[in-house]
There are 2 protein chains.
Amino acid sequence: MATQRADHQQNPTVDEIPDIVISRLPVYLRTLRLLDSQGAEVTSSQELGELLGISSAQIRKDLSHFGEFGKQGTGYNVAFLCRQLEKILKVDCVWPVVLVGAGYLGHALASYNGFLNRGFRIVGVFDNDPTKVGTQIGDIEVKPTSALPEAVDRTRCQIAVIAVPAHSAQAVAEELIEAGIRSILCYAPLTLNMPPDVRVEYIDPVISFQHMTYYLDKGCID
Amino acid sequence: MATQRADHQQNPTVDEIPDIVISRLPVYLRTLRLLDSQGAEVTSSQELGELLGISSAQIRKDLSHFGEFGKQGTGYNVAFLCRQLEKILKVDCVWPVVLVGAGYLGHALASYNGFLNRGFRIVGVFDNDPTKVGTQIGDIEVKPTSALPEAVDRTRCQIAVIAVPAHSAQAVAEELIEAGIRSILCYAPLTLNMPPDVRVEYIDPVISFQHMTYYLDKGCID
DNA sequence: GTATGTGAAGACTTTCACAGCG
DNA sequence: CGCTGTGAAAGTCTTCACATAC
């Protein structure tokens with residue numbers, strides 16, 4: 001639901017890897033790191049598939065786009081495959097992220113300590129509510145959005161999170177693009193209107209709920 | 001990534017609608033309600049497609065699974081199409097939801113006032129941390145998970161949200177199933193192992209970030 | 001024996017393009 | 001004339017099944 005690339009014909013040997021394949025790699029990585037933390041040295045496409053509820057063929061096919069990471073008869077070395085996936089996804093480093101919106105959700109995100117060891121660090125929190133500007137969240141001070149361009153520039157930040165109400169999200173998104181942000185994770189419940197070279201992903205729990213209810217037996221209040 | 005239905009051949013006239021179609025309906029609904037709130041009375045598949053960044057043909061094809069909602073030459077009545085989508089998704093009512101986890105994220109979810117007018121109400125918050133049990137979030141008192149079965153039963157709740165750390169998520173999920181929950185929205189960063197008749201959706205911002213970085217120019221810290 | 005990597009087959013999804021209706 | 005609803009075509013994704021390698 002958010003896929004675009006301009007350069008198609010540039011290099012015929014590197015034909016575009018489907019976005020749907022890319023979207024599964026972080027899930028593979030998350031599970032491999034769990035296996036690694038449990039002391040597993042080796043795994044197989046079958047074991048991984050069972051943990052994820054997908055077919056082993058899919059995992060093998062997905063990985064085959066990037067190289068040959070396994071050994072026939074043996075499977076995959078867990079730590080090695082982790083490193084390879086981290087390299088493919090470019091998360092073998094820490095990416096700075098700016099966060100706009102210091103409400104409850106912004107607080108939750110800014111305080112979450114699960115980002116760093118998966119490749120991300122929130123380097124700035126911004127909000128225009130004067131009662132929030134100047135307050136501290138952990139070791140970060142909330143600043144007005146007028147301070148965004150300088151912060152994005154200084155940290156060479158390419159990723160932003162929008163955690164403001166829907167009515168101000170489009171304006172915030174435009175400020176972010178203006179400041180140089182290339183990818184946005186949007187928690188506001190709307191579809192942003194953005195230039196095609198900006199990647200946007202959305203998180204809206206109600207979308208997930210409304211997907212679920214289609215399959216449930218109706219038995220709700222009212 | 002979470003699709004299963006047992007009954008296939010039951011009624012040949014109602015052939016299974018693809019899950020990928022269902023997953024787009026809530027997004028259509030969200031946008032239609034925005035148009036409605038802006039006073040639009042009529043829209044077209046083309047206008048909707050432009051707002052959503054998808055093709056008009058896709059929207060028409062998706063809707064055609066459920067009936068003929070538009071008028072040729074005119075388009076769709078916004079309010080009418082909203083009501084139809086709400087009926088299809090079964091969100092023309094309010095579904096009770098229980099929330100497990102009263103950390104920052106749990107607070108953000110329990111305090112969010114955007115659920116009700118989209119069909120959901122958090123009716124209980126549960127946590128086993130004794131420093132949290134008994135505290136109030138808005139007008140809800142945090143209870144221990146031992147109180148889950150009674151609450152799920154009393155409210156006839158089918159939907160739960162997991163907002164606990166990864167290490168306790170699987171155990172919580174099992175308690176939820178035991179209590180009678182049929183669908184789970186999981187914010188913990190792992191894949192749950194669940195029986196096939198339980199629908200699970202996942203929200204993990206790091207998965208979204210790691211998807212983005214594949215397409216970004218590497219220019220991160222380290 | 002066991003598990004990968006991979007063409008080919010099969011299944012699914014999107015787009016095309018136009019008849020038909022308001 | 002404009003826009004829907006829809007078969008048919010095109011395109012994409014997943015699964016199969018097996019040669020190959022350990």
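Below, chain A is the first sequence line, B the second, and so on; all start at residue 1. Just so it is clear, the structure is predicted and the values come from calculations on it, not from any experiment.
Listed by first and then second residue, the salt bridge (charged side-chain N to carboxylate O under 4.0 Å, His left out) pairs that reach into residues 48-70 of chain A are Arg24(A)-Asp62(A), sequence neighbours excluded.
For DNA chain C, no neighbouring residue in residues 28-40 of chain B is found when judged by any heavy atom under 4.0 Å. Within residues 75-83 of chain A, no residue is approached by DNA chain D to less than 4.0 Å at the level of any non-hydrogen atom.
Bounding nucleotides for the chain B contact on DNA chain D, 5' to 3', at a heavy-atom distance below 4.0 Å, are dG2(D) to dA8(D).
A search for side chain to side chain contact (heavy atoms under 4.5 Å, CB included) contacts involving Glu41(A) returns nothing, not counting sequence neighbours. The side chain to side chain contact (heavy atoms under 4.5 Å, CB included) search around Gln38(B) returns Leu34(B), Leu35(B), not counting sequence neighbours. Listed by chain and residue number, Leu109(A), Tyr112(A), Phe120(A), Ile122(A), Pro205(B), Val206(B), Phe209(B) satisfy the side chain to side chain contact (heavy atoms under 4.5 Å, CB included) test with Phe115(A) (two or more places apart in sequence, or in another chain). Arg33(A) pairs by the salt bridge (charged side-chain N to carboxylate O under 4.0 Å, His left out) definition with Glu86(A), not counting sequence neighbours.
The backbone N or O of Leu63(B) lies less than 3.5 Å from no partner atom in the side chain of Tyr28(B), so there is not a single donor-acceptor pair. Not one N or O on the side chain of Thr213(B) forms a donor-acceptor pair closer than 3.5 Å with the backbone of Leu216(B). Between the side chain of His211(A) and the backbone N or O of Ile207(A), no donor-acceptor pair lies under 3.5 Å. A distance-only check finds a donor-acceptor pair linking the side chain of Lys90(A) to the backbone of Tyr214(B) [under 3.5 Å]. Looking only at distances, a side-chain donor or acceptor of Gln158(A) sits under 3.5 Å from a matching main-chain atom of Asp217(B).
Axis orientation changes by 10° from one end of the helix from dG1(C)-dC22(D) to dG22(C)-dC1(D) to the other, with each end axis drawn from 5 pairs and the value rounded to 10°.
Two residues are said to be in side-chain contact when any heavy atoms from C-beta on lie closer than 4.5 Å; Gln170(B) and Asn193(B) meet this criterion.
No engagement by Ser56(B) is indicated, since no non-hydrogen atom pair under 4.0 Å with the nucleic acid exists.
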Mark up nucleotides 12-22 of chain C, 5' to 3', with B wherever a protein heavy atom is under 4.0 angstrom from a base atom, S wherever such an atom reaches only the sugar-phosphate, and - elsewhere.
-> -SSB-B--BBS
Candidate pair Arg118(B) and Asp204(A), rule salt bridge (charged side-chain N to carboxylate O under 4.0 Å, His left out), full reasoning = CA-CA 12 Å; Arg118(B) 296 173 72 197; Asp204(A) 178 354; 2.9 Å; yes
Test log, rule salt bridge (charged side-chain N to carboxylate O under 4.0 Å, His left out), inputs Arg199(A) and Asp19(A) = CA-CA 12 Å; Arg199(A) 176 167 293 267; Asp19(A) 183 66; 3.7 Å; yes
Under 3.5 Å, which donor-acceptor pairs link side chains of residues 69-80 of chain A to any protein atom two or more places apart or in another chain?
residue, atom, partner, partner atom, Å
Asn77(A), OD1, Ala79(A), N, 3.1
Asn77(A), OD1, Phe80(A), N, 2.8

Result block: side-chain N/O donor-acceptor pairs under 3.5 angstrom for residues 180-190 of chain A, not counting sequence neighbours:
residue, atom, partner, partner atom, Å
Arg182(A), NH2, Asp197(A), O, 3.4
Arg182(A), NH2, Asp197(A), OD2, 3.0

